[in-house]
Amino acid sequence: MKSFIIGAAIAAALSIPQAMTASQTRVNPFFEPYGTTYDIPPFDRIQYSDYLPAFKEGIARQKAEVEAIAADKATPTFENTILAMEKSGDLLNRVMLVFSSLNETDNTPEMQEISEIAYPMFSEAADEISMNPRLFERVKYLYDHRNDLGLTAPERKAVEDSYKSFTRNGALLSDASKEDLKAVNKRLTDLYLTFNKNLLAATNSFELVVDDEKALAGIPAGIVATAAEEAVKRGKPGKWVFTLHAPSRLPVLKYAADRSLREKMYNGYINLASAAPYDNRPIIGDIVKARARKAEILGFKNYAAYMTDNVMAKTPEAATDLLMQIWGPATARVNEEVAEMQQCADQLGDKITIAPWDYYYYAEKVRAKKFDLDENEVSAYFALDNVRKGIFTLAEKLYGVKFTEMPDAPKYNPEVTVYDVTDAKTGEHVAVFMTDYFPRASKRQGAWMSEFKGSFVDPDGTVGRPIIYNVGNFTRPTADTPALLTIDEVETMFHEFGHGLHGMLSRAKLRSQSGTNVDRDFVELPSQITEHWALEPELLKDYAFHYKTGEPIPAELVGKLAAASTHNQGFTTTELAGAALLDLAWGELNPAESDNIDVDAFEKQVAAKLNMPAMVAYRYRSPYFKHIFGSDGYASGYYTYLWAEVLDTDGFELFAEKGIFDPATARSFKENILEKGGSEDPMELFVKFRGHTPSVEPLLRNRGLLPKTSENLPTPGGK
């Protein structure tokens with residue numbers, strides 16, 4: 001959640017460099033108004049050498065602005081303290097939003113070098129602000145008098161959140177403890193940088209080279225063509241190279257008839273960043289120790305308790321309780337799935353015992369047999385441009401916004417597409433939206449949403465509308481085939497677009513409460529509920545067309561997709577819940593500085609305690625679990641995907657009941673969830689939309705895991 005310091009989503013970064021000299025004629029683009037349509041960053045004018053001077057000047061300006069707020073002799077008010085803090089650091093915010101974003105999408109050696117200077121400096125500057133005693137005195141005054149100041153509900157929440165942010169960042173500590181905390185924070189910043197650098201290098205260094213065409217049997221032709229192109233890029237013409245990026249890795253695991261090929265790919269992935277020179281295991285040990293020390297300094301029993309204290313769950317025990325309600329049904333289903341796969345293998349005469357690298361392959365065989373469903377046939381109807389049309393159609397039908405391409409707008413990479421988002425009725429500008437969908441060696445794995453500019457409404461009437469972007473690593477087009485997405489990729493595009501809508505449609509007035517600046521275990525509600533529309537027949541007829549013939553997806557095929565929607569959910573749910581439980585276990589660990597932390601042994605210990613099925617690995621093993629070790633963003637918080645799924649499945653049942661494009665239901669979701677951001681208590685917002693507190697039953701129903709007889713299971717909790 002953003003703060004005046006700059007925000008958790010961004011808060012890993014910033015730097016200090018040198019100002020311009022009089023002899024220089026070129027002006028650093030960060031030091032003047034962008035002068036672009038909708039204030040889009042002028043990416044073509046930004047050079048590597050611009051970042052550090054802008055960081056230095058931005059930090060200096062914010063320091064002066066914050067010092068003026070702290071030294072103000074006037075009685076603290078919301079306007080001269082909270083709002084003033086929120087508006088401070090404008091230059092720093094501008095450069096940080098651009099740098100942190102491009103550091104993820106184009107992490108060149110030059111960007112890595114800058115980040116190693118910038119991020120530690122920002123961490124130090126942020127600590128100085130959050131531990132400023134005079135500034136905290138003003139916030140504490142407002143907090144103590146919050147019932148007497150005539151504050152609006154969002155203003156009162158901003159005061160309470162600000163007070164809690166200060167205390168969680170050391171404002172109540174002694175001077176000696178503050179210095180200890182600063183040292184720990186700097187240490188963690190350095191460790192996160194090393195973890196991420198290792199992970200990117202390890203990912204890019206892996207290649208599975210095939211020189212015998214027979215070994216490619218079963219792999220879709222488009223994937224084989226892409227592997228051939230990759231081989232040429234790597235100086236291996238006439239061969240095929242597969243990488244660990246999902247569009248390359250998953251087709252090998254799903255379709256390669258050559259079992260040894262599947263095994264090599266599987267082992268390459270689960271051992272990612274686990275060997276020299278990019279071994280992240282020692283880094284993880286140091287991170288866990290530093291986090292335990294941070295929790296101790298701040299008075300928490302462990303790091304998981306610290307991280308869950310200020311979100312909906314409140315405690316790691318509450319998060320664990322929810323996960324365990326899901327764990328039992330999910331693992332029971334795994335046993336059924338493995339039995340089905342073994343039977344399939346036996347019937348095919350394969351004479352093997354199902355191993356972990358066989359799971360995807362035989363799950364696909366079972367799906368084809370049970371549901372007469374070939375995912376390659378399905379993908380032919382999901383060309384990327386068609387799916388993009390689908391998400392835009394969804395947004396217009398539900399929320400009344402339309403997307404118009406801006407071909408001449410600045411972009412940070414040639415593969416980016418930029419859109420003007422407007423109110424479909426009035427033409428009013430709502431947001432800028434960018435998409436960046438294909439893998440690059442300099443781009444980290446996965447998919448995500450972020451912003452180049454947030455939204456706000458100041459008391460003087462000044463309105464700032466957001467610039468939001470989605471990033472993916474989807475299947476690339478080939479010379480003769482457009483980018484054809486798998487079902488998983490389709491759902492991922494809808495998911496990230498849901499985050500995008502949360503950012504684009506925000507109407508919260510305060511910067512710290514706009515868009516996705518909400519409790520971490522609430523932030524996945526808009527993204528995950530949006531996934532539900534991806535395969536709805538009423539929307540499919542608007543966007544799912546065969547890339548060759550233009551024919552709409554047949555009703556029969558849609559029916560098969562619906563029938564197969566819960567296929568393999570035991571595996572999917574177990575690997576997700578297992579990773580979430582592993583994450584919480586790391587957060588509850590309190591090692592001494594002298595302890596030797598054996599990452600592999602700890603993972604096995606957690607798996608044994610859970611009685612985790614041998615066929616299923618954690619969705620992310622620790623050395624490449626960037627969510628929790630690449631920053632503190634999702635540390636002791638990976639559970640939030642399932643926590644929010646309790647909300648999204650319960651919420652979508654209302655749409656299913658009223659009609660998936662019912663105007664009243666859509667308006668309620670837009671007004672109570674998307675527009676409000678973090679301006680009100682998240683559980684109260686959910687209840688306003690849904691009419692009741694959530695239950696875990698809809699999640700189990702949606703995943704096909706609900707036992708034949710079940711009680712009404714309890715809500716996951718709330719503030």
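These numbers come from the heavy atoms of this one structure, side chains and all, not from hydrogens, waters or symmetry mates.
The pair Glu296-Arg293 meets the salt-bridge criterion, with a side-chain N (NZ, NE, NH1 or NH2) lying under 4.0 Å from an Asp/Glu carboxylate O. Contact check on Asp600 versus Arg281 returns a salt bridge, with a Lys/Arg side-chain nitrogen under 4.0 Å from an Asp/Glu carboxylate oxygen. Residues Lys301 and Glu317 are paired through a salt bridge, judged by an N-O separation under 4.0 Å between the basic side chain and the carboxylate. For Arg291 and Asp632, the salt-bridge test fails: no basic side-chain N is under 4.0 Å from an acidic carboxylate O.
The distance between the ring centers of Tyr269 and Phe206 does not fall below 6.0 angstrom. Outside the 6.0 Å centre-distance limit, the rings of Phe686 and Phe522 are not counted as a close aromatic pair. Aromatic ring centres of Tyr303 and Phe300 lie farther apart than the 6.0 Å criterion allows.
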Run Ile673 and Leu685 through side-chain contact (heavy atoms from CB on, under 4.5 Å) and show every step you take. CA-CA 6 Å; Ile673 307 296; Leu685 289 174; 4.2 Å; yes

Output, in order, the C-alpha distance, side-chain angles, deciding distance and verdict of side-chain contact (heavy atoms from CB on, under 4.5 Å) for Met324 and Leu610. CA-CA 9 Å; Met324 294 310 295; Leu610 293 171; 4.1 Å; yes

Ile284 and Phe195: CA distance, side-chain angles, deciding distance, side-chain contact (heavy atoms from CB on, under 4.5 Å) verdict: CA-CA 8 Å; Ile284 291 168; Phe195 181 96; 4.1 Å; yes

Pair Asp358-Arg259, salt bridge (Lys or Arg N to Asp or Glu O under 4.0 Å): steps then yes or no: CA-CA 8 Å; Asp358 299 316; Arg259 194 182 190 210; 2.7 Å; yes

In sequence, state the C-alpha distance, the side-chain angles, and the governing distance for His495 and His499, and then conclude on side-chain contact (heavy atoms from CB on, under 4.5 Å). CA-CA 7 Å; His495 177 103; His499 281 310; 3.4 Å; yes

For the pair Asp648 and Gln528, evaluate side-chain hydrogen bond (donor to acceptor under 3.5 Å, both in side chains) and give the outcome as yes or no after the intermediate values. CA-CA 6 Å; Asp648 82 67; Gln528 292 180 180; 2.9 Å; yes

Residues Tyr634, Tyr641; criterion ring pair (Phe, Tyr, Trp, His ring centres under 6.0 Å); working and verdict: CA-CA 10 Å; Tyr634 276 81; Tyr641 287 96; 5.6 Å; yes

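Relative ring orientation between Tyr437 and Phe474 is described as tilted, the plane-to-plane angle lying within the 30° to 60° band. Using a 30° and 60° split on the angle between ring planes, Trp533 and Phe661 fall in the tilted class, from 30° to 60°. Between Phe655 and Phe689, the two ring planes are tilted [angle within 30° to 60°].
Side chains of Asn280 and Tyr624: a donor-acceptor N/O pair is absent below 3.5 angstrom, by distance only. Checking Thr572 against Asn568 by side-chain atom types alone, no donor-acceptor pair falls below 3.5 Å. Defined by atom type and a distance below 3.5 Å, a donor-acceptor pair is present between the side-chain atoms of Ser527 and Glu524. For the residue pair Asp321 and Gln325, no side-chain donor N or O sits within less than 3.5 Å of a side-chain acceptor on the partner.
Atoms CG and OH, from Leu584 and Tyr639 in turn, are 7.5 Å apart once rounded to the nearest 0.5 Å. Expressed to the nearest 0.5 Å, how far CG of Leu244 lies from CE of Met265 amounts to 6.0 Å.
Between the side chain of Asn702 and the backbone N or O of Thr649 there is no donor-acceptor pair closer than 3.5 Å. A distance-only check finds no donor-acceptor pair linking the side chain of Asp350 to the backbone of Ile352 [under 3.5 Å]. Using modelled atom types, no side-chain atom of Asp309 and backbone atom of Lys314 make a donor-acceptor pair closer than 3.5 Å. Judged purely by atom type and a 3.5 angstrom limit, Asp583 has no side-chain atom pairing as donor or acceptor with the backbone of Ala579. No donor-acceptor pair closer than 3.5 Å links the side chain of Asp521 to the backbone N or O of Trp643. Looking only at distances, no side-chain donor or acceptor of Ser668 sits under 3.5 Å from a matching main-chain atom of Ala666. Distance alone, capped at 3.5 Å, is enough to place a donor-acceptor pair between the Lys560 side chain and the Asp372 backbone. Side chain of Lys351 to backbone of Asp346: no donor-acceptor contact under 3.5 angstrom is found. Panel note: side chain Gln342, backbone Ile354; a donor-acceptor pair is recorded below 3.5 Å. Within the 3.5 Å criterion, the main-chain N or O of Leu199 finds a donor-acceptor partner in the side chain of Thr203.
Here the closest non-hydrogen pair linking Asn473 and His245 is OD1-ND1, 4.3 Å. Closest non-hydrogen pair, Glu337 versus Gln569, comes out as OE2-N, 3.2 Å. Taking every heavy atom of both residues into account, Tyr362 and Cys344 meet most closely at CD2-SG, 4.4 Å. The two residues Pro247 and Glu489 come nearest to each other via the heavy atoms CG-OE2, 3.8 Å. Of all heavy-atom pairs between Val490 and Leu485, the closest is CG2-CB, 3.9 Å. Shown here for Lys157 and Gly678, the closest heavy-atom pair between the two residues is NZ-O, 3.1 Å.
Proximity of Met307 to Arg520: side-chain heavy atoms (C-beta onward) are separated by under 4.5 Å at one or more points. Within the 4.5 Å cutoff, no side-chain heavy atoms of Val252 are placed close to those of Tyr360. Leu589 has its side chain out of reach of Asn302: every pair of non-hydrogen atoms, C-beta onward, lies at least 4.5 Å apart. Here the side chains of Val378 and Leu373 are in contact, with some heavy-atom distance below 4.5 Å.
With Tyr638 as reference, Phe625 is the one residue of Tyr618, Phe625, Phe629, Trp586 to meet the ring-ring contact (aromatic ring centres under 6.0 Å, His included) rule.
Shown here is Lys289, whose NZ atom has more than 12 heavy atoms of other residues, nucleotides or ligands within 6.0 Å. Other residues, nucleotides and ligands contribute at most 12 non-hydrogen atoms within 6.0 Å of the NZ atom of Lys658. Counting heavy atoms of neighbouring residues, nucleotides and ligands inside a 6.0 Å radius, atom CD of Gln347 exceeds 12 of them.
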